[in-house]
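Just so you know, ligand 1 is whichever comes first in the structure, and atom 1 is the first atom listed for that ligand. When reading the values below, keep in mind they use all heavy atoms of this one structure, side chains included, and skip hydrogens, waters and symmetry mates.
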Amino acid sequence: MRNFDEPFLIEFPKLGNSHLGYISVSEKENLPFVPKRIYWTYYTPEEVERGGHSHYDLQQILVAVAGKIIVTTELLNGEKQEFILEKPNIGLFIPKMCWRTMKYNHNAVQMCIASLEYDEKDYIRDYEKFLEKK
Ligand code: T46
């Protein structure tokens, strides 16, 4: 049984071949939540670190649909991990209450599949406040 309290990689089906190109697809039955929102970030300068926050309730799947993204995660139990996303058919599940940072290479496009609508009140943007939730 999958533990939805910690980050994990999801391998999406990859159909096609090198002559035709590829398509990856996921039906909602194969996702850890029913998506409510999708957004994407791009042209992030290489020296910029995004993220630096946690969410109270939001769950997400990050996919590097182009380029390379280095994601660090930290759980309230102190467990820290680093993930390198560079394959368009691989997603990273990020649970609620997980501090994360992201660094991008120059051509990276990050797609985020989110379990909830945007709500600034769901963010913890202060690291000390995040640690207080232990
Ligand atoms: C996350 C990581 C992976 C909106 O108005 N609506 C939205 O749906 C989103 C996602 C953002 N915004 C606004 C809020 C800020 O003024 O866009 C601006 C940039 O957002 P933020 O600084 O939170 O961007 P990131 O890249 O640090 O974080 C984003 C998501 O906000 C966050 O949920 O986990 O991507």
Q | CA sep, side-chain torsions, deciding dist, call: Thr41, Gln110, side chain to side chain donor-acceptor pair (under 3.5 Å) | A | CA-CA 5 Å; Thr41 54; Gln110 173 190 261; 3.1 Å; yes

Show the short N or O contacts, below 3.5 Å, that ligand 1 makes with protein N or O atoms; if there are none, say 'none'.
{"from": "ligand 1", "atom 1": "8 (O)", "to": "Arg37", "atom 2": "NH1", "distance (Å)": "2.5"}
{"from": "ligand 1", "atom 1": "23 (O)", "to": "Arg125", "atom 2": "NH1", "distance (Å)": "3.4"}
{"from": "ligand 1", "atom 1": "23 (O)", "to": "Arg125", "atom 2": "NH2", "distance (Å)": "3.0"}
{"from": "ligand 1", "atom 1": "26 (O)", "to": "Arg50", "atom 2": "NE", "distance (Å)": "2.7"}
{"from": "ligand 1", "atom 1": "26 (O)", "to": "Arg50", "atom 2": "NH2", "distance (Å)": "3.3"}
{"from": "ligand 1", "atom 1": "27 (O)", "to": "Gly51", "atom 2": "N", "distance (Å)": "2.8"}
{"from": "ligand 1", "atom 1": "31 (O)", "to": "Tyr123", "atom 2": "OH", "distance (Å)": "2.4"}
{"from": "ligand 1", "atom 1": "33 (O)", "to": "Tyr39", "atom 2": "OH", "distance (Å)": "3.3"}
{"from": "ligand 1", "atom 1": "33 (O)", "to": "His55", "atom 2": "NE2", "distance (Å)": "2.7"}
{"from": "ligand 1", "atom 1": "33 (O)", "to": "Gln60", "atom 2": "NE2", "distance (Å)": "3.2"}
{"from": "ligand 1", "atom 1": "33 (O)", "to": "Tyr123", "atom 2": "OH", "distance (Å)": "3.1"}
{"from": "ligand 1", "atom 1": "34 (O)", "to": "His53", "atom 2": "NE2", "distance (Å)": "3.1"}
{"from": "ligand 1", "atom 1": "34 (O)", "to": "Gln60", "atom 2": "NE2", "distance (Å)": "2.5"}
{"from": "ligand 1", "atom 1": "34 (O)", "to": "Arg100", "atom 2": "NH1", "distance (Å)": "2.6"}
{"from": "ligand 1", "atom 1": "35 (O)", "to": "Tyr39", "atom 2": "OH", "distance (Å)": "3.0"}

(Q) Would you call the rings of Phe33 and Phe93 parallel, tilted or perpendicular, taking 30° and 60° as the class edges? (A)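 Correct class here is tilted.
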
Q: Establish, yes or no, whether the cationic atom of Arg37 lies under 6.0 Å from the six-membered ring centre of Tyr118 and within 45° of the ring axis.
A: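 No - Arg37 does not lie over the ring of Tyr118 by the 6.0 Å and 45° rule.
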
Q.
Can you confirm whether Ser115 sits close enough to Gln60 that some side-chain heavy atom of one is under 4.5 Å from a side-chain heavy atom of the other?
A.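 A side-chain contact is absent here, since even the closest heavy-atom pair is not under 4.5 Å.
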
Q. Other than Val71, what residues sit in its cluster of Ile, Leu, Val, Met, Phe, Trp and Tyr side chains whose heavy atoms are under 4.5 Å apart, directly or through others?
A.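 Via sub-4.5 Å side-chain contacts, Val71 links to Leu9, Leu62, Ile69, Phe83, Leu85, Ile90, Leu92, Ile94, Met102, Tyr104.
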
Q. With the 4.5 Å side-chain cut-off for hydrophobic clustering, are Tyr56 and Tyr127 part of the same group?
A.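 The answer is yes; both residues are in one hydrophobic cluster.
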
